[in-house]
Amino acid sequence: MLEPKTHTRDEVGGGTKPTAGLFRELEARGLVQDTSNPDLGRLLDEESIVVYCGFDPTSDSLQLGNLVPLITLARFQRFGHRPIVVLGGGTGMIGDPSGRSDERNLLDEETIARNVAGQRSQFAKVLDFDSTENPAIMVNNADWLTKLDLIDFLRDVGKSFSINVMMSRESVKQRIAAQSGLSFTEFSYQILQAYDFFHLYNEYGCRLQVGGSDQYGNILAGVDYIRRKTGHDHGAAALTFPLVQSSTGEKLGKTAAGALWLDPERTSPYEWYQYWLNVSDADAVRYLKSFTFLELDEISEIESEFLKQPKERLAQRTLAREMTSLIHGLEQTQKAERASAALFNSHGSASGLAIDGAPEVTAPKDEVISGFNLLNALVRTGLAKSNSEAKRLMRQGSVSVNGIKVGADTGKSSIVAADLKDDGTCIIAVGRRRRAILRFSD
RNA sequence: GGGUCGGUGGGUGAGCGGCUAAUACCACCAGACUGUAAAUCUGGCGCCCGGAAGGGCUACGCAGGUUCGAAUCCUGCCCGGCCCA
């Protein structure tokens, strides 16, 4: 069987000179949508620059959707540039209209502070804040935005913004065209983001802002503002990456359970691993390029191997391993892999295998003597959200115990002692890809 | 401030007194086929009880009201679009 290689966190190049070829690399990985500076590639080869990307504190955990921006920053860092993470503690109180069809609900200060705190540690999983050469920096724009004086702001900053230009931004146009309304508050967002860029330009010499393609207008607002204020034509630049979608045009990370979170409390390493493992063939190689730090020629090798034997799913397994070890570390990755193997490869026997990390529910042993209700088991293991759903699944013949179907026609409605392996467990499955362990203890 | 149109399930969006837990599409889940893939076909998709038939509860911005019966009518409030000021 083909095994994906284990990838350890690679060596960040030392020295003040950047490693050349970053821009070409980003392009090859499908991570370049727009840039405001046609010479950006050369600039990145010649100078070690400071680059930033903003993150909205709309939740106390980052999610799958934040991964491309975050990993892109890490690519800059690995090529010798210096990344800044801007937590939008200030702008989060305003709400970015980009990509939204409705006015946002404003978050209160307390919530934002909690979210900022929650996200903080997650950045360190991907970025290096301790590098001696080019450590990443984290700042919160609340630190400067909340200090602004309204009159000064309108005089010094607002004067540089043309309403005509602001109105022509795609995010604004869409909201107006959709007749869904746009408050002055949200309309002002682009000025604040522009001001952020300007602030970072002054404080840290930050010359590039990266973001998703929906951020292009906001980023350009900053580029323009810096040009106006400093008179330098190419003082600051914009770079956006395309919105990463599945081959069927869907946003990533959509499951019945909701979004996929980086927080292991919300999305377990096993679920995270399984998500990537189940990526479709059409997407797997593309995701390897966009999401992992594997070298491109290494990915090409994986690809050709994968194309020869797609059913081995080398691309998916590599992807799952890379993504899980990036976010949850090697140990959790191995657990997830073992749990997956125990649940899926051994024809329903978990005995003797390390299954730590798999979804598992424990119940007292005497419950099984009288017969442990299957519906109960489905809900308890999280395989079904409600009794209704569990019944539905049973009716549809989706449920199996130890690999044996227990649909409505079999008449089996509970787990009995005979279903248990020697170690007191059984595997309960819904459909092809969702499985859990039920363990009975003394 | 005045007028007018609108606020429906995760999303878009029908319904406009009983036939409606609410059409359709998307997303999502499952069955068949497979490789824990895609495509395709099929079923499902508020919650609770039930093997099922069926029953109960909650839901169409919020709060009241009319009615045997309301997502649907009325009143007030909140929110949004458009027009006027």
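Quick note on labels: first sequence line is chain A, next is B, and so on, each numbered from 1.
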B:G80 pairs with which nucleotide, Watson-Crick or G-U wobble, both distances below 3.5 Å? B:C5

For A:F184 and A:F187, take the angle between the two ring planes, folded into 0 to 90°, and tell me which bin it lands in: parallel under 30, tilted 30 to 60, perpendicular over 60. tilted

Rounded to whole angstrom, note down the P distance from B:G61 over to B:G7. 7 Å

Would you mind telling me which of B:U36, B:G43, B:C29 lies closest to the side-chain atoms of A:R434? B:C29

Classify the side chain of A:Q396 and the base of B:G31 as holding, or not holding, a donor-acceptor pair under 3.5 Å. no

Whichever of A:E389 and A:Y270 has the more 5' nearest nucleotide on RNA chain B, that residue is A:E389

Pair A:R169, A:Q190: side-chain N/O donor-acceptor within cut-off below 3.5 Å: yes

Only one of A:N218, A:D196, A:N141 passes side-chain hydrogen bond (donor to acceptor under 3.5 Å, both in side chains) with A:T91; say which it is. A:N141

Residues at least two apart in sequence or cross-chain that pass salt bridge (charged side-chain N to carboxylate O under 4.0 Å, His left out) with A:D283, listed by chain then number, are A:R286

C1'-based separation of B:C49 from B:G43 [nearest Å]: 24 Å

What nucleotide, of B:G35, B:C48, B:G43, holds the atom closest to the side chain of A:K311? B:G35

With a 3.5 angstrom cut-off on both distances, give the Watson-Crick or G-U wobble partner of B:U67, or none if there isn't one. none

Among B:G35, B:A30, B:U36, find the nucleotide with the atom closest to the side chain of A:P310. B:G35

Among B:G35, B:G43, B:A32, which nucleotide has an atom closest to any side-chain atom of A:K405? B:A32

Return the nucleotide paired to B:C57: Watson-Crick means purine N1 to pyrimidine N3 with N6-O4 or O6-N4, wobble means G-U with N1-O2 and O6-N3, both under 3.5 Å. B:G46

Applying the Watson-Crick and G-U wobble criteria at under 3.5 Å, what pairs with B:A32? Answer none if nothing qualifies. B:U40

